[in-house]
Each structure stands twice: as C-alpha cells, then as structure tokens.
Amino acid sequence: MATKNEILDLRKKILDDEYSHLNKEQREAVFSNDGPLLILAGAGSGKTTAVISKIGYLIRYGNTYNSTQSDATDDDKAYLEECLKDKTKRTEQRYLKLMASDPINAYNLLAITFTNKAAGEMRERLEKQYNISGDKLWALTFHSLCVRILRRFADRIGFQSNFTIYDDTDSHKLIDSIIKKHHLSENYNAKVVSRIISAAKCKYVSAGEYVHEGRDLQQVPMIYKEYQAELKNANAFDFDDLIFMTVRLLSSNEEVRKTINNRFQYVLVDEYQDTNPLQYRLVSLLAPTGKICVVGDDDQSIYRFMGASIENILSFERQFTDAKVVRLEQNYRSTQTILDAANAVIANNEGRKGKRLWTDQGPGHNITVNQLNTQSEEGEYICRSIMSGKGTHGFKNNDFCILYRTNAQSNSIEHSLRMNGIPYRVFGGQPFFKRKEIQDVLAYLNVICNPYDRTRLLRIINEPKRGIGDTTLDKISGICESTGAHFFDVIANAAAYPELQRSSEKLMDFARTIKMLSDKSKVVTPSQLFTELLATVRFEQALRSQYDLTEAISRIENVHELQNNILEYEKNAEEPTLLGYLEQTALVSAVDNLDENEPAVTLMTMHCAKGLEFDVVFLIGFEEGLFPSAMSVNEPGGLEEERRLCYVAITRARKQLFITSVRSRMLYGTPRPAIPSRFLKEIPPELITEVHHIQQEIQPPVRRSKPMHERALLTNAVTVIPKSKDTKTSYRAGQKVKHKVFGEGVLVSVTEMSSDSLLEVDFATAGKKKLMANFAKLMIIE
DNA sequence: GGACACTGTTTTTTT
DNA sequence: AACAGTGTCC
C-alpha cells in the first residue's frame, strides 16, 4: 500500500510540472482551494494568468493538491510516477481518477470582474487555453450579474422582469422632480442628494432605515423614500439598486438563495480592493461556504468616492474565517526603474498590506520629467516625443498612452495631436451617449420595453413636438397622484378623464404608437425595431426642421452611429434582445470598447487605465491642485487615495515613462500659476532625467564658444520646439483632412483670423464647407 | 410653445 | 471656455 504522503508528494510533483509556466507564488494561488483565498497581486504580477490557470485547475482537478483522502495502491503509485515522466499519459481516465478530487463544472463557477472587457478577455482565454466554453461559465461585472439574477426573480421583490436601468442622468432627473414637487429647490441639489442616497445604498442602508445626520438637508430621508417609490412605480433600478435589490432578494428569499448557491459552487472576485460594503454583502451571500477567491491590490484602491471600501480587502482574513493570503510580487510588465519609482511613491502611504514589486528585467530607461510653460507646449512636447519614439525605437501609435487626472485635460492634448496628424482615441467622458438626440432615441427604446419608465416617458412624450405641453403633463401627474394609476395607463385611456379632454387624442395617439412598437419589438430584431421607430415618429424630419442643415446632418449621423452600435451588438450577443442592448448601453464602461490593435494613441483618465498596460506612458498635468486634486488634500485619506492613483498610473508603463507639468494652467477659462506635484518629489531623483524644454527658436549652428553644459542640454532635449508662434500655421491648403461627421476632404483655403483660422474644406461626400479651425477638430491625414 | 439672451456654474475620478 | 438652466419676449 502506498502511503498517503507518497501519493500527495507525487501529485504535487506532477502539478508543479504541469504548472511550471507559473512562478512559485502563482502556483500556490492556483493550488490553494481549501478555503477562502486572498491573492494580493501587485500591478503586472501575472494575476490574470494565475486566475485563468486557477479556473482551469478547478475544472480539471478540483481540490487535488491538498486532498487528504488517499487509498491508492502501489500499482497506482507506479502509474503516477510514469505520468510524472510522460505528459501524454495525463489525459487518461485513470490519471484523472487518481488526481482529481471534486472537480468543479464550468457551469458552477462564477467570476466577477470590474469591467465587461476584463470579463470578455477571461472568457476568451479560458476558451483558448482550456477549451472551456465561455457561455457556460459566468464571467460578469457585479452589475451585469445582478441584472441577470433580477431578470429571473424580479417578481419576488415586486418588480417585472422587463425593468429598465436608470443611469446617473435619469436618477438626477427623478430626484430633481421630487425636489421640485416639494418646493425644496432653494436648498436641495439633485446631485448632492443623489450622492447621499447612493452612499447610503452602498452601505446597505434602505430608505426606511436611513437616519439623516446634521442640521442641513433634513428632508433627505423623505426624498429617499419617495425616490424609491418612484423607481418601483417606474419598474426601474438605478445602478446601486441593481446590487442592493439583489442583496435584499438573496437575503430575504430562501428559495432564490438556494437556487443561486446551488449553481455557484466557487466564486472568484477580481479587483476586490474596489468593492464596497454592499458588494461585500453580495459576495458573502454568493459564497456562504467560503468557496471563494478574491484578487486585489490594496495599493490600487482608487474608487473610494464611489463608496469602495479599502477595508474589504484589508479585513478579508477577518471576514472570511481561515482565509489564506498569497502575495504576487514579481512583476512581468515594467522595467526596474518604473517599479522603483512606483514602490518609492506608494511607500509614503500608511495602513498598507505591504508589498514590494520586483522584476528580473533590467533597469531600462530613466523616467523623463519635463516642466512646460503652457498646456499647448505640453501637448507639443508630447507629440514630438511620440514622433521621436516612433522613429528611434520603432514604437507604433498604439504603444503610446497619455493619462491625465481629469477628463477636461484631454482637450488641449487632442488639439496638439490633431495638429501633428497623430491618430488618437479618447476613452471616458462618454460624450456620444450623452448627446441629446441619442438620449432621446434611447429613451424611446426604454419606454418601448417598459412603458412604466416614467422619467424617460416624460423625456419623449413631446419630443419630437406633438403638442403635449406642461399643463397637460401636470394634469396627468395629478391624476396619477390621486388615483394611483400609472402615467402610461392614464395616457392610454386619456378619453376617460374629462380634464384631459383637450389633448386626449394626442395622448392616446402617442400611447398607441408606443404600444404598436412595443408589440413589434417582440417579433423583430432590435435594429429592425430601431428603423421602424425612426420612421414612425419621423425622427429625422424632426431633427431637420429643428436645426440648421449642418447641425441636423451631424445629429442624424449620430443617430445612424447608434444604429451601427445596435447592429454591432446583434452581431456579438448570443441572444440579442432590445432589453439586452439597453442593458449594455447602461452598463458599458469606457474601456470596454478599447481595441489594442487599433493604430492610435490612447487618451484616458488614470482611473480608466486601471488594468491596462502600454510600452510608453505619458502622465500629464502633475501639478499641485490638479494631481493631487485640490479637493482631496483636505479630506482625510484623500491624499493617500491620490497617491494610490499615482501608483496605478506609473505601473501602467512597460518600458518608458514621461511625466509633465506646466507653469500656467487654464482653469475655468483663466490661466492660473501651477507648481509641480509633490508626487514628483517622491520619486528618487536618480531615476529621473530632467529634460528642459527649450524656448528659443532653433538657433543655426551652435557657437563654438558655447559652454559645454549648455550644449549638453541642447542635445539632451528630446525635442527642440520653435517658440510656439501659433499652432494654426500647421494647416495648409492642399492637405488631406478628416472631420468626425463630414469624413475626408481636402483643405481648399486657410484664412487667418484673430484667434482662429477660417478653413474651407472640400469634403468627398458632404461637399464644400467653411469651418473654424478651433471648432472643427480636423485631423490631418497627410 | 419656442427662440433668444443672460446668468451662474463647472473639473475628480465611474459601474 | 463651454454649457445648462432661467427669464423674457414674441
């Protein structure tokens, strides 16, 4: 009889061999499945590889590594010894029978990620490396997971499964209407109230339980209660409620909880440092037996403002008994210089789990630091650096990434990139979906799915104009108030209410349109319905009559772009539905659309960049008041959060890091003096090469008598920029340019004006147009 | 009901 | 500088 230890030892050797592509710590993370596990994964430490391997392992072997049961014979032992030497044997039934202990079905695994992109990548890699079908295993974000659960069990908490999702704009609108109704506009701001309510929800404090502190805003509990009543009446959830109500559902309904727990036998949570107490509750409900692995990095917790609690990861070991912690500190991404800088900066924080990144790659390039006078110089400097990086190091456009603290900073950089003909993509801000015409069409689609969605119904009931004014709407609200009827039902039966006599035809006509489209939506594809909708409400005609030709064209283009977006969705979704599409538009994150292969420089906020990596990273606007932000420095813990953000930003870079600041920054349209960020001083000086941006015109041949150090300075400078006379001279007649709406065209003439240039462009499709250079945002193609 | 001018506010980060 | 919200007039 082979002893238990002999067999265990043999198994360990085989598994170490099979997972030899991982380092020791990663293997430990893969093999530790006895109880709750926390993987403390530093930036770039191969965490995704470890997680993918772990899932593969759980599905193939279950919990072999630590399995104590063993009744193997000597013959089994000899067989395993053969398997150790001969890999091909490891597909045999007997091998698996000896090695596996409670393997988990992919169907019974749940992986929660931070973005849909991360979830998609996980599914892809599992499919490719372990042949695990992506639709069997649920890899989702917190929000999309909750939508799935709620769609199935909505009736248990008094909702219908065709519920719609309110984004921030929608909830602000709703809260604002409640504030107005109670004549509280003087002292109550929808945004502020919405934040308070959201913060309460993130701590799982319901409207009934909420107790307001402080002397101001005493009416918040009342608004909170009404807001929840309105949401329920509208059959809608806001972002927080998606999770809140799922928690409520699981904790109050044993049958549902059993169904869910039966399905999910092992739960993985990524980016655990960014979860909030509400999400913690959800996680504990999903993994009551401690079959759970969370992955995170306390140093990368940057979403406190969204209610994320760094406490979740810091106290994981207390919250989940017998938890094990594995640290991944070897970095496979960056040079030692970049890691040293990151380590040095984050070392200034207190209350960390503690961790030090290292790599066996060399030191690489020093970090390049430059202080410029203005934002346009900053932009120009970056463009020059990109161009020289492409020339001397052979980098491609998509190897570069520009990161900033606030979205507003993208403007000036975009301008420089356009002027230099460098293709780029901006992420975040999501201006497209915020456009009025897009919001309007989406509101229609939401109402078609869920006619009780009152906020969106109000948005479109008179858009395009159909003669239904405020007076009528007030009357309808009054009827709803006194009878408890739904807004839509009142409209649909307008003739039954004498006070609505004058507009009853218009109202009922509108309701019939919605009803008709709603019926249709059950039999046609989302894109077909979209076409039908535009035709029925004569949307394009309305845009044409409302705006002048150029603007109408641009808005119609946007609507068509939305149609493409729907088609794209239909192509990718396994089971495309209108509700599914709307869900996606509500829950997409900025980076979900990032295509690493698109040949363009990437622009985004440091927050957005979490989880991404680029060869060359530019961190811009390193100035006091901007980064760290002025608001954060007075807040307890605010500075440490900014520093973590700085750590995240630095560790995005693989090979080269550039950091810039300016002396004069525009704020609210006026220039303000700025001094370099304190974070720059936290980077050890020996890691930094300071580049001095040279202000003079390029001088013809350097004079012999020039002192050596000044010459060195000149050659050291990555760029020598002619004094920025004005960037508009970059436009020349004959250039090929591209406009976001009009497409490609040729520049016919350039007329200099006081602060701008008038451009005449002959577009291939749209014909000749006159545009202002600063406004048109043209991209120079050649 | 809509067009227009004027005012005040905004910039921290987002599922 | 850009934009949303408000007020005024038609």
Side-chain angles (χ1 to χ4, degrees), chain A residues 112-119 140-147 165-169 171-173 176 180 185 189-191 195 198 201-202 237-244 271 274-276 278-279 301-308 375 403-412 415 427-431 433-436 462-463 465-473 545-548 583-592 604-610 621 625-633 635 638 641-642 644-646 648-649 665-672 755-756 774-775:
Chain A
I112 304 175
T113 57
F114 199 69
T115 63
N116 295 297
K117 183 176 190 284
L140 301 162
T141 64
F142 270 106
H143 290 87
S144 37
L145 165 72
C146 289
V147 170
I165 301 164
Y166 276 17
D167 67 15
D168 277 356
T169 325
S171 20
H172 286 163
K173 258 194 171 152
D176 198 46
K180 286 216 172 88
S185 301
N189 171 291
K191 251 187 182 161
R195 292 214 127 190
S198 172
K201 286 179 178 175
C202 286
F237 295 97
D238 68 15
F239 284 148
D240 299 318
D241 274 352
L242 288 175
I243 299 172
F244 190 104
E271 308 285 8
D274 287 319
T275 54
N276 61 37
L278 179 62
Q279 288 163 329
S301 167
I302 52 172
Y303 284 101
R304 205 178 55 139
F305 71 96
M306 272 173 82
Q375 283 158 91
L403 298 178
Y404 34 78
R405 180 65 179 83
T406 68
N407 278 304
Q409 286 167 262
S410 78
N411 257 337
S412 69
H415 186 251
F427 291 90
Q430 288 215 323
F433 283 97
K434 288 252 145 50
R435 295 213 165 96
K436 185 183 180 303
N462 200 28
E463 188 69 54
K465 304 284 169 268
R466 45 175 78 85
I468 301 172
D470 289 345
T471 333
T472 307
L473 296 178
S545 66
Q546 229 174 107
Y547 302 100
D548 66 55
E583 210 168 287
Q584 201 208 38
T585 59
L587 301 178
V588 281
S589 71
V591 288
D592 286 344
M604 58 172 77
T605 63
M606 299 176 192
H607 279 91
C608 270
K610 193 177 68 162
L626 185 61
F627 189 47
S629 114
M631 311 190 105
S632 71
V633 289
E635 235 175 288
E641 171 121 337
E642 295 284 300
R644 289 193 291 271
L645 185 58
C646 184
V648 169
R665 174 148 312 259
M666 289 293 241
L667 189 70
Y668 307 138
T670 44
R672 277 183 38 169
S755 63
D756 204 348
N774 287 340
F775 180 74

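Atom set for the values below is all heavy atoms of this structure, side chains included, hydrogens, waters and symmetry mates excluded. Chain identifiers are assigned alphabetically (A, B, ...) following the order of the sequence lines, protein sequences preceding nucleic acid strands; residue numbering begins at 1 within each chain. On a predicted model such as this, the values are computed, not experimentally measured, just so you know.
Between A/T605 and A/G467, the residue anchored nearer the 5' end of DNA chain B, judged by the nucleotide with its closest heavy atom, is A/G467. For A/T472 and A/A586, each mapped to the nucleotide of DNA chain B holding its nearest heavy atom, the one lying further toward the 5' end belongs to A/T472.
Remark: A/S410 pairs with A/E414 by the side chain to side chain donor-acceptor pair (under 3.5 Å) rule, at least two apart or across chains. The side chain to side chain donor-acceptor pair (under 3.5 Å) test applied to A/E641 returns A/R644, not counting sequence neighbours. With sequence neighbours left out, the side chain to side chain donor-acceptor pair (under 3.5 Å) criterion links A/N462 to no other residue. Legend: residues meeting side chain to side chain contact (heavy atoms under 4.5 Å, CB included) with A/E583, ordered by chain and number and at least two apart, are A/V147, A/R151, A/I165, A/L587. Residues meeting the side chain to side chain donor-acceptor pair (under 3.5 Å) test with A/Q279, sequence neighbours left out: none.
Between A/F433 atom CZ and B/dT14 atom C1' there is a gap of 15 Å when expressed in whole angstrom units. B/dT14 atom P lies 6 Å from atom OH of A/Y303, rounded to whole Å. In this structure, the CE atom of A/M666 is 12 Å from the C1' atom of C/dA2, given to the nearest Å. Rounded to an integer number of Å, the gap from A/N116 CG to B/dT15 P is 9 Å. What separates NZ of A/K610 from P of B/dT14 is a distance of 11 Å, to the nearest Å. We find that CG of A/N189 is positioned 13 Å from C1' of C/dA4, with the value rounded to whole Å. When the P atom of C/dC3 is taken as reference, atom CZ of A/R435 falls 10 Å away, rounded to whole Å. At whole-Å resolution of the value, CD in A/E271 and P in B/dT14 are 15 Å apart.
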- Any chance you could list the contact pattern along nucleotides 2-11 of chain B? Use B for base contacts, S for sugar-phosphate-only contacts and - for none, protein heavy atoms under 4.0 Å, 5' to 3'. S-------BB

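Here A/E642 lies in heavy-atom contact (under 4.0 Å) with a base. Nucleic acid contact class of A/R195 (heavy atoms, under 4.0 Å, all strands): base. Nucleic acid contact for A/E635: base, since at least one base atom lies under 4.0 Å from a heavy atom of the residue. A/L145 comes within 4.0 angstrom of nothing in the nucleic acid, heavy atoms only.
Residues A/D274 and A/K610 form a side-chain contact, since some pair of their non-hydrogen atoms from C-beta on lies under 4.5 Å apart.
Between A/H143 and A/F239, the ring-plane angle classifies as perpendicular under the 30° and 60° cut-offs.
In terms of phosphate contacts, A/S589 brings no side-chain nitrogen or oxygen within less than 4.0 Å of OP1 or OP2 of B/dT14. A sub-4.0 Å separation between OP1 or OP2 of C/dA1 and a side-chain N or O of A/N411 is absent.
With C1' as the reference atom, B/dT11 and C/dT6 are 23 Å apart, rounded to whole Å.
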